[in-house]
2 protein chains.
Amino acid sequence: MTGVTRPPKKTALDHGRRTTIDFESETVCRILDAAESIFAENCYAGTRMDEIAAVAGVNKATIYYHIGGKEKLYDVVLTRHFTHFANRLERELADCADPVEGLRGVVRIHAEEFIRNNNAPRTIAHELAGGSRRITPELVAAYARIHGVTARFVAEGMASGRLRPVNPAVLQVVLAGSLLVNTINAPFRSQLAATLDPGQPPMPTLPDMAAFLEDVVIAALTTMP
Amino acid sequence: MTGVTRPPKKTALDHGRRTTIDFESETVCRILDAAESIFAENCYAGTRMDEIAAVAGVNKATIYYHIGGKEKLYDVVLTRHFTHFANRLERELADCADPVEGLRGVVRIHAEEFIRNNNAPRTIAHELAGGSRRITPELVAAYARIHGVTARFVAEGMASGRLRPVNPAVLQVVLAGSLLVNTINAPFRSQLAATLDPGQPPMPTLPDMAAFLEDVVIAALTTMP
DNA sequence: CCTACCGATCGGTAGG
DNA sequence: CCTACCGATCGGTAGG
């Protein structure tokens, strides 16, 4: 013994359980991206840790080392997405003083994010359909921030007379819900289009949906200037 | 051997595979209802045949006897629902000559059916999110009938000038999609409501959503008389 | 319709 | 001593 008291070793493990996740690690990023895509395809219950490991190109034990078990991995994937989404909405619309432009921005950002990455919304659809049993309070808090952006524009618009009275939660479901459904039903749309008459209007893309929501739904709530 | 040539026994089995399903059987009905609720809760991949048997109150082998394997059972559950839905829409709205009243009827019937049985819509949400890999052509055809009701009212309304131009597929996603999302997110809504300020407007019920879709969305598409 | 099982595969963890 | 893994296998359970 040297008699020198050393500081406690820095470790990411506490009683065999990881306390922090290194989001800077490229391995962690590959695992989370792989998990997100397989949770989207097969739902929580249908997803196998082996498949996530195979897609991520790592040994399965590496997932347990870096992140944790299946439930923890699921929670981290969802939290990462909701946090990113809420951050972007708040950042890009914080300075928007016009409630109508703000709601249009909400639609635009939802559409852009769903186009950029449809795996997270698909996983969320599974989670909602399954009864939201695996939603943590932190996840609800993150979604409350997303809901809060819409609620703020509705409240300001109603106060200033720019918007007709509307329940912001109803509007949020119509705007985000329509875009969510048109995101997850893409393969089904293709199957349906093949059975319809060629003369029928084409199946809607996400920008088509966004345009309708802005030009019809939001416009209908806007008072004449 | 008696030497008497008997006719082939009437059987529902052909090379060990069932060719017809007796939908009048109470056992079959219990199996399908149990399967519908568990597919809704756990998605196709997460559903265990043992659990369906337990909820239905039958031995697991009975499911294979009456209906077939897991994929067949899933297909029968979805087909039963889509067929019922399409039948009701066509029956109740066949005589409706007013396109605006017709679209309001589409919203009302969707809402009523989703309230009556939310298990089928939840299973469909799982199926869409998972990429619609298990949708059969018969199922697409059944949905095409549902889509056709909305498309007919839109076409008639645009022809007569009662409705502004709109892609019927866009409108169908906004109407049915909003109601679908507000059906499957019920447990999540409760969790979200608990975190919001008590002064906030209440989380929307399905009738709230239906009222918005009729009074704002459909109204916005309606021309002045 | 049930009992008695099977090939395989599940999420998670051992030692090195 | 530590970190970041790997090859192999654990006790149980899935669909059939």
Side-chain angles (χ1 to χ4, degrees), chain A residues 1-2 4-32 34-35 38-39 41-77 133-134, chain B residues 9-18 20-32 34-35 38-39 41-77 133-134:
Chain A
M1 294 296 287
T2 62
V4 177
T5 55
R6 288 182 297 183
K9 279 172 293 194
K10 285 203 301 185
T11 174
L13 292 179
D14 183 19
H15 301 289
R17 297 206 171 184
R18 183 161 284 274
T19 56
T20 61
I21 296 172
D22 180 12
F23 287 96
E24 304 300 311
S25 160
E26 196 221 311
T27 302
V28 167
C29 189
R30 280 216 315 278
I31 292 169
L32 295 181
I38 301 174
F39 282 134
E41 195 73 14
N42 295 331
C43 182
Y44 177 84
T47 292
R48 291 172 289 118
M49 296 295 276
D50 295 276
E51 191 177 356
I52 294 173
V55 171
V58 301
N59 187 281
K60 185 168 59 170
T62 306
I63 300 175
Y64 290 88
Y65 177 82
H66 275 293
I67 293 163
K70 194 180 180 184
E71 293 197 17
K72 177 69 174 173
L73 175 58
Y74 188 71
D75 181 45
V76 170
V77 165
R133 287 168 293 171
R134 270 173 272 270
Chain B
K9 276 176 294 196
K10 283 207 299 186
T11 174
L13 292 180
D14 183 19
H15 298 96
R17 296 204 172 185
R18 183 161 284 276
T20 62
I21 296 172
D22 179 13
F23 287 96
E24 305 299 310
S25 160
E26 196 221 312
T27 300
V28 167
C29 188
R30 280 215 316 279
I31 292 170
L32 295 181
I38 301 174
F39 282 134
E41 195 73 14
N42 295 332
C43 182
Y44 177 85
T47 292
R48 290 172 289 119
M49 296 294 274
D50 294 277
E51 191 177 356
I52 295 173
V55 170
V58 302
N59 187 283
K60 184 168 60 171
T62 306
I63 301 175
Y64 290 87
Y65 176 80
H66 275 293
I67 293 163
K70 195 181 181 186
E71 293 197 17
K72 177 70 175 173
L73 176 58
Y74 188 71
D75 181 45
V76 170
V77 164
R133 286 169 294 171
R134 271 173 272 270

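Chain A is the first sequence line, chain B the second, and so forth, proteins listed ahead of strands; every chain is numbered from 1.
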A.B. asks: Taking atom types as they are modelled, would you say the side chain of A:Lys60 forms a donor-acceptor pair with the base of C:dG12 within the 3.5 Å cutoff?
C.D. replies: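 Such a pair exists between side chain and base.
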A.B. asks: It should be established whether A:Tyr65 places a side-chain nitrogen or oxygen under 4.0 Å from OP1 or OP2 of nucleotide D:dA4.
C.D. replies: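 So the side chain of A:Tyr65 is within the cut-off, an N or O lying under 4.0 Å from OP1 or OP2 of D:dA4.
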A.B. asks: Between A:Ile67 and A:Leu32, is any pair of side-chain heavy atoms under 4.5 Å apart?
C.D. replies: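 Yes; the side chains approach each other to less than 4.5 Å.
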A.B. asks: Using the criterion of both pairing distances under 3.5 Å for Watson-Crick and G-U wobble pairs, give all stems of 3 or more consecutive pairs involving DNA chain D.
C.D. replies: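 DNA chain D stems: none present.
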A.B. asks: Using whole Å, what does the distance between atom P of nucleotide D:dA4 and atom CD1 of A:Ile31 come to?
C.D. replies: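 Checked: the CD1 to P distance equals 12 Å.
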A.B. asks: Considering only the P atoms, how many Å lie between D:dG12 and C:dA8, rounded to the nearest integer?
C.D. replies: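 Going atom to atom, P in each nucleotide, I get 22 Å.
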A.B. asks: Just how far, in rounded Å, is P of C:dC5 from CG of B:Asp50?
C.D. replies: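 Roughly 17 Å, once rounded to whole Å.
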A.B. asks: If we ignore hydrogens and angles and just use 3.5 Å, is the side chain of B:Lys70 paired with the main-chain N or O of B:Thr47 as donor and acceptor?
C.D. replies: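 The answer is yes, because a donor-acceptor pair under 3.5 Å joins these two groups.
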A.B. asks: Under 4.0 Å: is that the gap between some side-chain N or O of B:Thr62 and OP1 or OP2 of C:dC2?
C.D. replies: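 Answer yes for this pair, as a side-chain N or O of B:Thr62 is under 4.0 Å from OP1 or OP2.
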A.B. asks: Which nucleotide, C:dC2, C:dC1, D:dA4, lies nearest any side-chain atom of B:His66?
C.D. replies: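 Nearest listed nucleotide: C:dC1.
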A.B. asks: Is the shortest heavy-atom distance from the side chain of A:His66 to the side chain of A:Asp22 under 4.5 Å?
C.D. replies: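 No, too far: nothing below the 4.5 Å cut-off.
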A.B. asks: Kindly point out which of D:dT13, C:dC2, C:dG11 is positioned nearest to the side chain of B:Asn59?
C.D. replies: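 Taking heavy atoms from C-beta onward, the closest nucleotide is C:dC2.
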A.B. asks: Would you mind reporting whether A:Met49 and A:Leu73 have side-chain heavy atoms less than 4.5 Å apart?
C.D. replies: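 Yes, at least one pair of side-chain atoms sits under 4.5 Å.
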A.B. asks: Could you check how far CD of B:Glu51 sits from P of D:dG15, rounded to whole Å?
C.D. replies: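 Atom-to-atom, B:Glu51 to D:dG15, this comes out as 10 Å.
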A.B. asks: Please state how far atom CD in A:Glu26 lies from atom P in D:dC5, giving the value in whole angstrom units.
C.D. replies: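 Taking CD of A:Glu26 and P of D:dC5, I get 10 Å after rounding.
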A.B. asks: Roughly, in whole Å, what's the span from CD1 in A:Ile52 to C1' in C:dG12?
C.D. replies: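 Whole-Å distance recorded here is 13 Å.
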A.B. asks: Ignoring the backbone of A:Tyr64, work out which of C:dC1, D:dG15, C:dT13 is nearest its side chain.
C.D. replies: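 Nucleotide nearest to A:Tyr64's side chain: C:dT13.
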A.B. asks: Separation of B:Met49 atom CE from C:dC5 atom C1', in whole Å?
C.D. replies: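 The answer, rounded to whole Å, is 17 Å.
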A.B. asks: What residues form a salt bridge (Lys or Arg N to Asp or Glu O under 4.0 Å) with A:Arg134, not counting sequence neighbours?
C.D. replies: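 None.
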A.B. asks: Nearest to the side chain of A:Ala61 - C:dG11, D:dG15, C:dT13?
C.D. replies: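 Selected nucleotide: C:dT13.
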A.B. asks: For B:Tyr64, is there any backbone N or O sitting under 3.5 Å from a side-chain donor or acceptor partner on B:Lys72?
C.D. replies: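 Checking the backbone N and O of B:Tyr64 against the side chain of B:Lys72, no donor-acceptor pair under 3.5 Å is found.
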A.B. asks: Expressed as a whole number of angstroms, how long is the span from A:Lys72:NZ to C:dG11:C1'?
C.D. replies: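 Going from A:Lys72 (NZ) to C:dG11 (C1'), I get 17 Å.
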A.B. asks: State which of C:dC2, D:dG16, C:dG12 makes the closest approach to the side chain of B:Val58.
C.D. replies: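 That would be C:dC2.
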A.B. asks: Which part of the nucleic acid, if any, lies within reach of A:Ser25 when heavy atoms closer than 4.0 Å are counted: base, sugar-phosphate only, or nothing?
C.D. replies: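 It contacts nothing in the nucleic acid.
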A.B. asks: Are side-chain heavy atoms of B:Arg48 and B:Ile38 found at a separation under 4.5 Å?
C.D. replies: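 No. Closest side-chain heavy atoms not under 4.5 Å.
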A.B. asks: What residues form a salt bridge (Lys or Arg N to Asp or Glu O under 4.0 Å) with A:Glu41, not counting sequence neighbours?
C.D. replies: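 Only A:Arg122, B:Arg133 meet the salt bridge (Lys or Arg N to Asp or Glu O under 4.0 Å) criterion with A:Glu41.
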A.B. asks: Tell me: NZ of B:Lys70 to P of D:dG16, nearest whole Å?
C.D. replies: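 Result: 7 Å.
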